[in-house]
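One structure is given below, encoded as structure tokens.
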Amino acid sequence: MSFVKKDNQLYFNPLRRAILNHGMIQPGDKVAIGMSGGKDSTTLLYLLDTVRRQKRLGFDFEIQPITLDMGFPGVDLAPMKDFVENLGYELTVVPTNIAQVVFEVREERSPCSLCAKLRRGILYRKAAELGCNKVALGHHLDDAVETYFMNFLFHGKMASFEPVSYLTKTQVTLIRPMIYLEEKAIIRYAKREELPVIFNPCPADKKTKREEIKHFVSQIAESYPDVRERFIMGMEQGTAADFWQTSLIHQETDQKTPLQ
């Protein structure tokens, strides 16, 4: 077995495990992938496409990449479009005025929650309109750990977001196939495969409470390097009702940043 093949198992095994453990994808599903332009959603598309083509789940399913044009001036989506088309898909671009609503109309001092709410609503509706029954987001293990600590520290709630949740309003199911993958692994994979990353023009980028918690978790990991693995153990040993709950503040995890 070659080094590259062994290395690939570090990415595909956790992805496959998450999908099968939580029943995220079934035969014949049409899965919309929310493309933010960041390393996470781009890696998710690349991994899921490989899984689909190589039939690593033992069955076939469809993929539909979708991105939202947030309305920020000067954003070039061409690299994302080229990447998606080279994989054999057509990127659906949905024009929005979210940037104007959040930063000019509402003048939000803490814009992430409203921004994520607006983006999710548009993404879910477009996915349903395109005949998708699943929507996959690029949230990873670090996002889940950070959400847990945010809920605990700011709300006294011991819970993270759900790996799978059914959205009754749009009748699509939200899935997070990279829930077992650490962010550092995604960064390494995106660099190795030279995946395109779109610059994030959001004025709030890296200025959120989530960014503070990210540093907090990194500090904990310096003393307890296996904190993320322990988190997985905890969520696997607990029941869904005990641990995985709809987060009060998980919307901010959609705020993706450019590849560092």
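The basis for the numbers below is simple: all heavy atoms, side chains too, and nothing from hydrogens, waters or symmetry mates.
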Value rounded to 0.5 Å, distance of [atom1] in [X] from [atom2] in [Y]:
X: E182; Y: R188; atom1: CD; atom2: CZ; value: 8.5 Å
X: R17; Y: N13; atom1: CZ; atom2: CG; value: 10.0 Å
X: M70; Y: R119; atom1: CE; atom2: CZ; value: 5.0 Å
X: S218; Y: E146; atom1: OG; atom2: CD; value: 7.5 Å
X: K134; Y: I63; atom1: NZ; atom2: CD1; value: 12.5 Å
X: L77; Y: L91; atom1: CG; atom2: CG; value: 7.5 Å

Any non-hydrogen side-chain atom of [X] less than 4.5 Å from a side-chain atom of [Y]?
X: M178; Y: D40; result: yes
X: I66; Y: L123; result: yes
X: F154; Y: K209; result: yes
X: V164; Y: I175; result: yes
X: D226; Y: R230; result: yes
X: Q171; Y: T168; result: no
X: M80; Y: M35; result: yes
X: I19; Y: L57; result: yes

Which is it for T50 and L47 under the side-chain contact (heavy atoms from CB on, under 4.5 Å) test, yes or no, and what are the steps along the way? CA-CA 5 Å; T50 303; L47 291 176; 5.8 Å; no
Got a donor-acceptor contact below 3.5 angstrom from the [X] side chain to the [Y] backbone?
X: K30; Y: L130; value: yes
X: Q26; Y: G23; value: yes
X: N151; Y: Y148; value: no

Which heavy atom in [X] sits nearest to a heavy atom in [Y], and how many Å separate them?
X: G38; Y: V197; result: CA-CG1, 4.3 Å
X: V31; Y: C132; result: C-SG, 4.5 Å
X: V135; Y: A127; result: CG2-CB, 3.6 Å
X: G71; Y: A99; result: C-CB, 4.1 Å
X: T42; Y: F83; result: CG2-CE2, 3.5 Å
X: P177; Y: M24; result: CA-SD, 3.5 Å

Mind checking what makes side chain to side chain donor-acceptor pair (under 3.5 Å) contact with [X], not counting sequence neighbours?
X: E129; value: K126
X: Y224; value: none
X: E193; value: Y46
X: Q54; value: R56

For T96 and L118, run side-chain contact (heavy atoms from CB on, under 4.5 Å): C-alpha distance rounded to whole Å, both residues' side-chain angles, the deciding distance at 0.1 Å, then the answer. CA-CA 10 Å; T96 79; L118 293 173; over 6 Å; no
Under a plain distance cut-off of 3.5 Å, with no hydrogens placed, do Y180 and R16 share a side-chain donor-acceptor pair?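 Y180 and R16 do not have a side-chain donor-acceptor pair below 3.5 Å.
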Residues S160 and T147: side-chain donor-acceptor under 3.5 angstrom: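 Note: S160 and T147 side chains miss the donor-acceptor criterion.
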Aromatic ring pairing Y189/F12, orientation class (parallel under 30°, perpendicular over 60°, tilted between): perpendicular
Evaluate the side-chain contact (heavy atoms from CB on, under 4.5 Å) criterion for residues D142 and R228: first the C-alpha distance (whole Å), next the side-chain angles of each, then the deciding distance (0.1 Å), finally the verdict. CA-CA 7 Å; D142 288 72; R228 295 173 180 85; 2.7 Å; yes
Name of the residue among T43, I25, L87 meeting side-chain contact (heavy atoms from CB on, under 4.5 Å) with L48: I25
Set out, in order, the CA-CA distance, both residues' side-chain angles and the distance that settles side-chain contact (heavy atoms from CB on, under 4.5 Å) for L137 and R120, then state yes or no. CA-CA 10 Å; L137 299 181; R120 283 171 182 252; 4.1 Å; yes
Under 4.0 Å between a side-chain nitrogen and a carboxylate oxygen: does that hold for R52 and E62?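 No salt bridge links R52 with E62.
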Closer than 4.0 angstrom, basic N to acidic O: yes or no for K214 and E211?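 Salt bridge: no.
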Among residues at least two apart in sequence or on other chains, which ones pass ring-ring contact (aromatic ring centres under 6.0 Å, His included) with F149?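 Here the qualifying residues are F216.
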Among pairs that include at least one residue of residues 63-85, which meet side chain to side chain donor-acceptor pair (under 3.5 Å), considering only residues two or more places apart or in two chains? Q64-T92
